[in-house]
Amino acid sequence: MRRKPWLTALQGAVVPLLLLALWQAASSAGLANAKIMPSPVAVAVRWWAYLAPADPYDPAVGSYLTWIFSGELIHDAIGSLYRVVMGFLVGAVLALPLGLLMGASTKAFRWLNPLVEVLRPIPPIAYIPLSILWFGLGNPPAIFLISLGAFFPVLVNTIAGVRQVDGIYLRAARNLGAGPLTIFRRVMLPAATPYILSGVRIGIGTAFIVVIVSEMIAVNNGLGFRILEAREYFWSDKIIAGMFTIGLLGLAIDSGVTRINTHLLRWHRGLEH
Amino acid sequence: MADILIDHVHKRFPIPEGEVVALKDINLDIAQGEFVCLLGPSGCGKSTLLNAIAGFSNPTDGTITVGGKAVTGPGPDRGMVFQEYALFPWMTVAKNIRFGLEIKGMANDAADARVTELLDMLGMREFANRFPKDLSGGMRQRVAIARVLALDSPVLLMDEPFGALDALTRRSLQDELLKIWSRLGKTIVFVTHSIEEAIYLADRIIVLTYRPGTVKSDVRVEMARPRDAASPEFNALKRELSRLVTEEQQRHEAAERAGLTTD
Ligand SMILES: Nc1ncnc2c1ncn2[C@@H]1O[C@H](COP(=O)(O)OP(=O)(O)OP(=O)(O)O)[C@@H](O)[C@H]1O
Ligand SMILES: [Mg+2]
């Protein structure tokens, strides 16, 4: 018998709700210092204030829709998302052709792989000082760091993806009269997509980590900036509200990517998740 | 009229301990429209010979001519069907069949019509938009056959195409292949381990020796089709071929015991 989806959802909600209730009870009983560990209700109230528009609706200023989305949280989330997307695109657009080249050509691999192996273990975070020296503050250093975070996972997976293409597909394609370009475009590239997409997923995950860190250091908006700013005012409720927002945004991005992957890989036999 | 001419073909593979002589002085003359089976134990060079005809790996010595042209590389004039199907898993059934037509530069409508015709011929119309992972082994091999038939190649090369199928599916594909062959008049070179399959299908059975691969026996099968595996003639031939193949199988096992191979 198939389980009903709402039943699964309900079951999944039990533990988080229980923990929330416990947390609230502890706070109400005065077990925690509210300055450093606010109650869930306080967090929710603060979250709403962070999300809601600051000023009352005024048609003279703009449309209703712009007003609805004028809250600080929305601005921060859009800022972070923008940096993730831009940084990821820059990193992936550079990594993909390079990975295809290194995967397809042993020569290119021999020339370039040692460099890749040396640079790859340097965490993007270690580039922070240099990125500020090079790009100053604001979006440019953040996007630089994020693109670095996305670059290597996409590169390494693309190389592996192209290299593992089963020779039998290449033989079948050659037998059907395909030339090198057709083979590359219509056989090697699609055969490598499962690997490439798993690289994309890891790359976006890394990009999301790096965006938070880079906002704490180089940018003055975004979710990462906001929770660090809140600490200076001792707004622990806002810190936690910001953290939950980061978690939800990350979850949304990952499930979006997973959906796209599932669609692109609907032909694939060993599809996980 | 010779369609495939194999002329003093040798194939040696370099290995750390020296070399493996996979094929030694093979001479064969295959007529147009002939159905030939290559038979022999594992490691006797059946795939090596087929791959040489397909143009995947050139002989060390000797030449292969197909349709009057020397073979220098793979091409759509010699359609290959692999045991592992080798369908492109990211393409639907229809797209797999269409692939070769697109490479040929066939116009869209003509290609669509051709794909439909082939799907009908192999009874797979309702599978057109499925992906290979959703098909049974027998269906996959049908698609692989349709894919090479699409090219209209005069020669079909088949490397143990039905080796992974269960007995019933195997028989139905054998019958289908015979139907296609008699209708389209292709020249077929078919590799198999199975003596019974060879007798059921072939006009002519070539038995190869184990290392070096040479032609041990070249047998014509004169029985009318469809052939009855229970008939005395069938069984007489089966006994005869069994004896030949078993000799080679024993040489293979002896080599294995001597540690000369892991085939
Ligand atoms: N690339 C290679 N390098 C070294 N030896 C090889 C290579 N390819 C084939 N051989 C050897 O050549 C011989 C013939 O191999 P081949 O694959 O043609 O045999 P086969 O008759 O097709 O066997 P099977 O029935 O197992 O498919 C074998 O002994 C094999 O070990
Ligand atoms: Mg073989």
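Just the heavy atoms: all of them, side chains too, but no hydrogens, waters or symmetry mates, feed the values below. Since this is a predicted model, take the numbers as computed values, not measurements. A, B, ... follow the sequence lines: proteins, then strands. Residue 1 opens every chain.
If you take CE on B:Met80 and CD1 on A:Ile168, they are separated by 8.0 Å, rounding to the nearest 0.5 Å. Separating the CG atom in A:Leu98 from the OG1 atom in A:Thr158 is a distance of 9.0 Å, to the nearest 0.5 Å. The distance from the CD1 atom of B:Ile188 to the CG atom of B:Leu156 is 5.0 Å, given to the nearest 0.5 Å.
Most heavy-atom pairs under 4.5 Å with chain A: of the set B:Pro132, B:Pro76, B:Ala54, B:Gly73, this distinction falls to B:Pro76. When B:Val148, B:Val81, B:Leu87 are compared by the number of non-hydrogen pairs under 4.5 Å with chain A, B:Leu87 comes out ahead. Note: B:Gly79 leads B:Gly79, B:Ser153, B:Gly55, B:Ala150 in heavy-atom pairs under 4.5 Å with chain A. The candidate with the highest count of non-hydrogen atom pairs below 4.5 Å against chain A, out of B:Gly100, B:Ala144, B:Ala86, is B:Ala86.
Neither the backbone nor the side chain of B:Leu157 comes within less than 4.5 Å of any heavy atom of chain A. Contacts of B:Arg147 with chain A are made by both backbone and side-chain atoms, with heavy-atom separations under 4.5 Å. Contact annotation for B:Asn51: only side-chain heavy atoms (C-beta onward) come within less than 4.5 Å of a heavy atom of chain A.
Ring geometry for A:Trp267 against B:Trp90 counts as perpendicular: the plane angle is over 60°, on a 0 to 90° scale with 30° as the lower cut.
Relative to the six-membered ring of A:Phe109, A:Arg163 meets both conditions, a distance below 6.0 Å and an angle of at most 45° to the axis.
Between B:Phe190 and B:Trp181, the ring centre distance reaches or exceeds 6.0 Å.
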